[in-house]
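Reading through the structure tokens given below for one structure.
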Amino acid sequence: GTRIIYDRHFLLNMRNSPLSQ
Amino acid sequence: VKCKQGEHQLQYSYCLWFSRRTPGNKASSSNYEQNIKIMGAFASVEQFWTLYSHIARPCDLTSSSDYHLFKHGIKPMWEDEANKKGGKWIVRLRKGLASRLWENLVLAMLGEQFMVGEEICGAVVSVRFAEDIISIWNRTASDNAINIRVRDTLQRVLNLPPNTIMEYKTHTDSLKDRSSF
């Protein structure tokens, strides 16, 4: 099946998302 | 643990465990289970960062501490059903590198960068007196093709120099000599 793949830059950017606080 | 609306779901949900061993005490299954505790669980990118931002970095931990980040349902123990036929790649690091490389490894695992199907079980960072150790655990120690792919991905995501020594140790061997490394 499909896998949910995230690259490092995307994950690092998500750190600053309001939902990540 | 569930992914909430608006969050970015991960392929797997994970548990973060923490352990600290009294230096000098030989590892045994019973005191290992007593000394390990769950720090949190997450199913989305956002939940991961919320947890990660609230815990100490490896470089701020005292010696003989470990973080174990494992897929939900897999205990960070050699004897667990998912681990018992598996093994791990071990990379020894000089002091000062562990926090950055641990973060790189965790992001690669959560983002499914290893491309080995269900093989990855979890990752561990071990803070010790003279060095730190990073390892990644997989299910099937006997599958050479998988192991090579895990090793090459580890080398790439940690950006290790080509001459870095990487050791593979099966959990059967760890159980035999009661030693992780």
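To find a chain, count down the sequence lines: A is the first, B the second, and so on, and within it residues start at 1.
When hydrophobic clusters are built by joining Ile, Leu, Val, Met, Phe, Trp and Tyr residues whose side-chain heavy atoms come closer than 4.5 Å, directly or via intermediates, B:Leu97 is not grouped with B:Ile133. One hydrophobic cluster, built from ILVMFWY side chains closer than 4.5 Å, holds both A:Met14 and B:Leu69. B:Leu105 is connected to B:Ile120 through a chain of hydrophobic side-chain contacts under 4.5 Å among Ile, Leu, Val, Met, Phe, Trp and Tyr, so both are in one cluster. Using a 4.5 Å cut-off between side-chain heavy atoms of Ile, Leu, Val, Met, Phe, Trp and Tyr, with links allowed through other members, A:Leu12 and B:Leu101 fall into the same hydrophobic cluster. No chain of hydrophobic side-chain contacts below 4.5 Å, direct or via other Ile, Leu, Val, Met, Phe, Trp or Tyr residues, connects B:Ile36 to B:Leu16.
Between the side chain of B:Trp49 and the backbone N or O of A:Leu19 there is no donor-acceptor pair closer than 3.5 Å. A:Ser20 places no side-chain N or O within donor-acceptor distance of the main-chain N or O of B:Thr50, the cut-off being under 3.5 Å. Of the possible donor and acceptor atoms, one in the side chain of B:Gln113 sits under 3.5 Å from a partner among the backbone N and O of A:Tyr6.
Ranking B:Gln9, B:Glu112, B:Glu46 against chain A, the residue ahead of the rest is B:Glu46, based on heavy-atom pairs under 4.5 Å. Between chain A and the options B:Gly117, B:Gly111, B:Gly6, the largest number of non-hydrogen pairs under 4.5 Å is found for B:Gly111. Counting heavy-atom pairs closer than 4.5 Å to chain A, the top-ranked of the candidates B:His8, B:Gln47, B:Lys4 is B:His8.
Atom-to-atom distance recorded for B:Leu107:CG and A:Arg15:CZ is 9.0 Å, nearest 0.5 angstrom. The distance from atom CD1 of A:Ile4 to atom CG of B:Leu110, rounded to the nearest 0.5 Å, is 11.5 Å.
Heavy-atom proximity under 4.5 angstrom to chain A picks out nothing from residues 143-164 of chain B.
Contact between A:Arg3 and B:Gln11 at its shortest, heavy atoms only, is CA-OE1, 3.0 Å.
Within 6.0 Å of atom NZ in B:Lys169, more than 12 heavy atoms from other residues, nucleotides or ligands are found, so the atom counts as buried in its surroundings. Counting heavy-atom neighbours within 6.0 Å of B:Glu81 CD, excluding the residue itself, gives a total of 12 or less. The neighbour count for B:Lys71 NZ, taken as heavy atoms of other residues, nucleotides or ligands under 6.0 Å away, is above 12.
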Original post:
When you look at B:Glu103 and A:Arg8, which way does the salt bridge (Lys or Arg N to Asp or Glu O under 4.0 Å) test go after all the steps?
Top reply: CA-CA 10 Å; B:Glu103 185 175 291; A:Arg8 177 186 148 72; 5.3 Å; no
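Only the side chain of B:Tyr52 comes within less than 4.5 Å of a heavy atom of chain A; its backbone N, CA, C and O stay farther away.
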